[in-house]
Amino acid sequence: MYAIETINLTKKYKNQRGAENISLTLAQGEILGLLGPNGCGKTTIMKTLVGLLHADSGEFRILEKNPDEELSVMSQVGCMIEEPAFYPYLTAYDNLKILLRFYPELSHKRIDEVLELLELTKYKDEPVGKFSMGMKQRLSFGAAILHKPKLLILDEPTNGLDIKGTAKMRHILKEYTQNGGTILISGHIAGEVQRICTKAAVMMNGKIIDKSSIDTAIIEYGSVEDYYLHIVNEKEAEQ
């Protein structure tokens, strides 16, 4: 089963930046990392998949369904894109409580579970406006997993986290896929993609220029960083 399938998906802005002819598949239980510099189109792809942007052309399916025809499939998706946005004068608990209203099948116990998982329980009654960047990032991830989605779409999930927080996030993501979840993440740090993902797609100037499993990249090039540099340098030499 494909959690994500895109066929020639294109979204361009007026300045002609964006993403062009993106074709990829992500099977259930995998973690795919979109790897490339800022501005290469990673976030554009993610925004299009979750409905924040409308594609210019191409098509995509989420959990083998077309969201335009079966919008309910998006209830199985959790996303974390760009900077965390919360009500700064409300507590961490109350911010998640607002989100919980969209999921009547879940009890308030779920909020406590998420806060404990992300080691935020002792801060649950503090205003989010007083949180550090890393704490806001963890809370944003908590909002993404609150409703127990089957698919996570995460834009640089370890951004702003310290070493301990990054290791914790890595553990949570791997455990999530071991329990049947699927993840699409973006990143510009090859080492993190290597540690977290099972597959990588290298992006450059709005296009995917290569795809590989992490194991294959390590076997052939020694590391994901060396794989990325080889692919990018080879592409630049062609231009």
Side-chain angles (χ1 to χ4, degrees), residues 3 26 28-35 38 42-43 46 50 76-86 88 90-100 103 106-200 214-215 218 223-225:
L26 179 58
Q28 184 176 344
E30 292 183 325
I31 308 178
L32 171 62
L34 298 176
L35 184 59
N38 293 330
K42 304 186 302 292
T43 301
M46 293 183 158
V50 300
Q76 298 297 320
V77 179
C79 70
M80 176 179 160
I81 298 178
E82 295 189 328
E83 292 186 10
F86 295 104
L90 293 182
T91 66
Y93 188 93
D94 285 342
N95 268 284
L96 294 184
K97 186 177 177 181
I98 290 173
L99 293 176
L100 196 73
Y103 309 102
L106 296 175
S107 70
H108 288 178
K109 180 182 177 182
R110 178 58 182 164
I111 298 176
D112 292 320
E113 290 174 351
V114 168
L115 291 172
E116 183 176 355
L117 176 67
L118 299 173
E119 299 179 352
L120 289 173
T121 300
K122 64 181 178 180
Y123 307 109
K124 72 178 204 175
D125 295 321
E126 290 188 17
V128 173
K130 294 184 178 181
F131 278 17
S132 67
M133 175 61 181
M135 291 168 68
K136 289 178 182 177
Q137 190 78 344
R138 279 187 279 159
L139 187 62
S140 182
F141 179 72
I145 65 171
L146 186 65
H147 58 298
K148 303 178 181 180
K150 294 180 179 179
L151 170 65
L152 287 176
I153 297 178
L154 309 174
D155 191 12
E156 300 188 9
T158 59
N159 185 38
L161 299 181
D162 58 20
I163 295 174
K164 183 179 178 182
T166 298
K168 176 70 173 180
M169 178 69 74
R170 197 183 301 137
H171 173 77
I172 292 172
L173 294 178
K174 289 182 177 180
E175 190 174 64
Y176 173 84
T177 57
Q178 289 168 1
N179 291 325
T182 307
I183 307 172
L184 174 67
I185 72 170
S186 69
H188 58 270
I189 301 176
E192 275 308 300
V193 170
Q194 178 171 320
R195 291 182 181 93
I196 294 173
C197 301
T198 57
K199 296 168 62 177
I214 297 299
D215 288 344
I218 293 172
S223 69
V224 170
E225 181 177 274

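The first residue in the sequence is number 1, and the count goes up from there.
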When you measure from the side chain of [X] to the backbone of [Y], do you find a donor-acceptor pair of N or O atoms at a distance under 3.5 Å?
X	Y	answer
Tyr93	Glu126	no
Lys42	Ile185	no
Arg110	Leu106	no
Thr158	Leu161	no
Arg170	Ile196	no
Glu192	Cys197	no
Thr182	Gly29	yes
Gln28	Ala3	no

Do other residues, nucleotides or ligands put more than 12 heavy atoms under 6.0 Å from [X] [atom1]?
X	atom1	result
Glu113	CD	yes
Glu116	CD	no
Tyr123	OH	no
Lys124	NZ	yes

- Task: May I have the step-by-step check of side chain to side chain contact (heavy atoms under 4.5 Å, CB included) for Leu35 and Ile189, ending in yes or no?
- Result: CA-CA 8 Å; Leu35 184 59; Ile189 301 176; over 6 Å; no

- Query: Any luck finding a side-chain donor-acceptor pair between Ser186 and Asp155 under 3.5 Å?
  - Reply: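 Side-chain D/A pair, Ser186 to Asp155: present.
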
- Could you tell me which residues satisfy salt bridge (charged side-chain N to carboxylate O under 4.0 Å, His left out) with Lys199, sequence neighbours excluded, listed by chain and number?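 So Lys199 forms a salt bridge (charged side-chain N to carboxylate O under 4.0 Å, His left out) with Glu30.
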
- For Asp94, all residues meeting salt bridge (charged side-chain N to carboxylate O under 4.0 Å, His left out), sequence neighbours excluded: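 By the salt bridge (charged side-chain N to carboxylate O under 4.0 Å, His left out) rule, Asp94 matches no residue at all.
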
- Given the rule in the side chain to side chain contact (heavy atoms under 4.5 Å, CB included) test, do Ile172 and Phe141 qualify, once you have shown the distances and angles that lead to the verdict? CA-CA 10 Å; Ile172 292 172; Phe141 179 72; 3.6 Å; yes

- Message: Let's go through Val193 and Leu34 carefully: what are the C-alpha distance in whole Å and the side-chain angles of both, what is the deciding distance for side chain to side chain contact (heavy atoms under 4.5 Å, CB included) to 0.1 Å, and is it a yes or a no?
- Response: CA-CA 8 Å; Val193 170; Leu34 298 176; over 6 Å; no

- Query: Would you call the rings of Tyr103 and His147 parallel, tilted or perpendicular, where under 30° means parallel and over 60° means perpendicular?
  - Reply: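 Answer is parallel, since the angle falls under 30°.
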
- Task: Rounded to the nearest 0.5 Å, what's the gap from OG on Ser140 to CE on Met135? Could you check?
- Result: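 Answer for the OG-CE pair, Ser140 versus Met135, is 14.0 Å.
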
- Report the distance from atom CG of Leu173 to atom CD1 of Ile145, rounding to the nearest 0.5 Å.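 Going from CG on Leu173 over to CD1 on Ile145, the span is 9.0 Å.
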
- Query: Does the side chain to side chain contact (heavy atoms under 4.5 Å, CB included) test come out yes or no for Leu184 and Ile31, once each step is laid out?
  - Reply: CA-CA 6 Å; Leu184 174 67; Ile31 308 178; over 6 Å; no

